[in-house]
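Bear in mind that the values here come from a model prediction, so they are computed numbers and not experimental data. Lettering of chains follows the sequences in order, A, B, ..., and the numbering in each one begins at 1.
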There are 2 protein chains.
Amino acid sequence: MNIGQAATASGVSAKMIRYYESIGLIEAPVRTEAGYRVYAGDDVHTLRFVKRARSLGFSIEETRELLALWRDKSRASADVKAFALRHIGELEARIGELQAMVKTLGHLARHCHGDGRPDCPILEDLADAPAPQGAGRAHSRDRARHHA
Amino acid sequence: MNIGQAATASGVSAKMIRYYESIGLIEAPVRTEAGYRVYAGDDVHTLRFVKRARSLGFSIEETRELLALWRDKSRASADVKAFALRHIGELEARIGELQAMVKTLGHLARHCHGDGRPDCPILEDLADAPAPQGAGRAHSRDRARHHA
DNA sequence: GCTTGACCTTCCCATGATGGGAAGCTTTAG
DNA sequence: CTAAAGCTTCCCATCATGGGAAGGTCAAGC
């Protein structure tokens, strides 16, 4: 099976399959004499595993760890569960941040007339936000969105 | 005021201030003979506006639009409100995606013994995820996290 | 006055995950 | 045999941010 078929069968684009190989997330498959990658059913299985993990919000590095756990037939389910729970915690933290934004914006929007007049508490809030008090530093900690 | 002071006063790093200038989000300030950027109180005000908008999840391009609305003294508050409501919708969509992930993972984790045995429904789910049925295409639509 | 250190300048690189596209070779169907 | 579809590698772009190098500038201390 060529990369195109593996892509269709796994739902992972050919581009991404090559990328995953280049970063060592998946193993390099055998090649034909002409250099074409040749995949087997097992490879597609792995690709689906990766896709599913990504769709659940795991980063590629986390997916790498999950693959290792998957392949380690003697892993303790407790390890996997702890991993999943930690990830849930991170997801919930992000949800919390987004909800805080929605709450603030919703509050502002509710107080905005929304008519033809120019007065708008939304812009006023943005303009009159308090000056930073702390260090002004704040090295942002964030994960990029992804999914499918 | 030099860029360092503007950064401290606004909470936006000097690096970002220069970047915002380079993409035309903020105006280029006057310079000293030696080439140092010189900022006034108004510039800090604008930077705080930008920072606040970013912290509410607006992208830089959206922030650009908000700045334009802010500077347009004759804008209709309805326009601003619509903008905010649309953004709230996008935030809620992302929250929904994250919640779906949490729900799925939570479900799996609850069914995992979490003991020393290797059997784990979490990994089983990842491994046995259904094959893609549709086109397998799916060009992801996503916004990066940011905030502070 | 001169040195030192803090601050400024520009420029390039990296991140994370993905897509776009070019240039060129291969395979397959007509 | 030819044309199209598919494969290969390589480079670029995204989005917002930080890191760091190389070099100029300013202010304070001696």
Side-chain angles (χ1 to χ4, degrees), chain A residues 1-26 28-39 47 50-51 53-64 90 94 97 135-148, chain B residues 1-26 28-39 47 50-51 53-64 90 94 97 135-148:
Chain A
M1 161 165 46
N2 284 341
I3 200 170
Q5 277 127 30
T8 303
S10 67
V12 179
S13 73
K15 207 97 194 201
M16 277 298 106
I17 295 177
R18 292 193 198 96
Y19 173 67
Y20 290 159
E21 178 188 327
S22 79
I23 61 172
L25 182 66
I26 60 176
V30 295
R31 304 267 188 140
T32 65
E33 282 185 38
Y36 281 27
R37 292 172 177 80
V38 178
Y39 297 91
L47 285 169
V50 170
K51 188 187 165 96
R54 298 282 304 112
S55 79
L56 287 174
F58 289 100
S59 71
I60 285 189
E61 286 315 305
E62 288 166 335
T63 300
R64 195 191 295 275
E90 288 167 11
R94 289 209 267 134
E97 289 174 13
R137 264 328 4 91
H139 97 146
S140 128
R141 181 81 301 227
D142 263 296
R143 200 90 70 202
R145 205 69 268 72
H146 77 293
H147 133 288
Chain B
M1 157 164 49
N2 284 342
I3 199 171
Q5 276 127 29
T8 303
S10 66
V12 178
S13 74
K15 207 98 195 199
M16 278 299 104
I17 295 177
R18 293 193 197 97
Y19 173 66
Y20 290 158
E21 177 188 327
S22 79
I23 61 172
L25 181 65
I26 60 176
V30 295
R31 304 265 190 144
T32 64
E33 282 186 39
Y36 282 26
R37 291 171 177 81
V38 178
Y39 297 91
L47 285 169
V50 171
K51 189 187 165 89
R54 299 282 304 113
S55 80
L56 288 174
F58 290 98
S59 71
I60 285 189
E61 285 316 305
E62 287 166 336
T63 300
R64 196 191 296 275
E90 288 167 10
R94 291 209 267 131
E97 289 173 13
R137 272 305 27 79
H139 98 146
S140 126
R141 184 82 296 235
D142 262 297
R143 199 91 70 203
R145 209 64 264 73
H146 75 293
H147 133 287

Verify the contact: side-chain N or O of [X] to OP1 or OP2 of [N], cut-off strictly under 4.0 Å; return yes or no.
X: B:R18; N: C:dC8; result: no
X: A:T32; N: C:dT26; result: no
X: A:R37; N: D:dG6; result: no

With the side chain of [X] defined as its heavy atoms from C-beta on, choose the nearest nucleotide among [options].
X: A:Y20; options: C:dT18, C:dT26, D:dT9; result: C:dT18
X: B:I3; options: D:dT17, C:dA17, C:dC8; result: C:dC8
X: A:I60; options: D:dC26, D:dC7, C:dT18; result: C:dT18
X: B:Y36; options: C:dG19, C:dT9, D:dG19; result: C:dT9
X: A:K15; options: D:dG19, C:dT10, D:dC10; result: D:dC10

So, does A:R18 use its side chain to make a donor-acceptor pair with the main chain of A:S22 at under 3.5 Å?
no

Looking only at atom types and distance, does a side-chain atom of B:E97 sit under 3.5 Å from a main-chain N or O of B:R94, one as donor and one as acceptor?
no

Determine, for B:R64 against B:E61, whether the closest basic-nitrogen to carboxylate-oxygen distance falls under 4.0 angstrom.
yes

Whole angstrom is fine here: how far is it from [atom1] in [X] over to [atom2] in [N]?
X: A:K51; N: C:dA17; atom1: NZ; atom2: P; value: 15 Å
X: B:M1; N: C:dC7; atom1: CE; atom2: C1'; value: 16 Å
X: B:E61; N: D:dT14; atom1: CD; atom2: P; value: 11 Å
X: B:N2; N: D:dT25; atom1: CG; atom2: C1'; value: 10 Å
X: B:Y39; N: C:dC8; atom1: OH; atom2: P; value: 10 Å
X: A:E33; N: C:dT26; atom1: CD; atom2: C1'; value: 12 Å
X: B:R64; N: D:dC15; atom1: CZ; atom2: P; value: 11 Å
X: B:Y19; N: C:dC13; atom1: OH; atom2: P; value: 17 Å

Minimal heavy-atom distance between B:I17 and B:Y39, with the atoms involved, is CG2-OH, 3.2 Å

Looking only at non-hydrogen atoms, find the nearest pair between B:K51 and B:S10 and report the distance.
CD-O, 3.4 Å

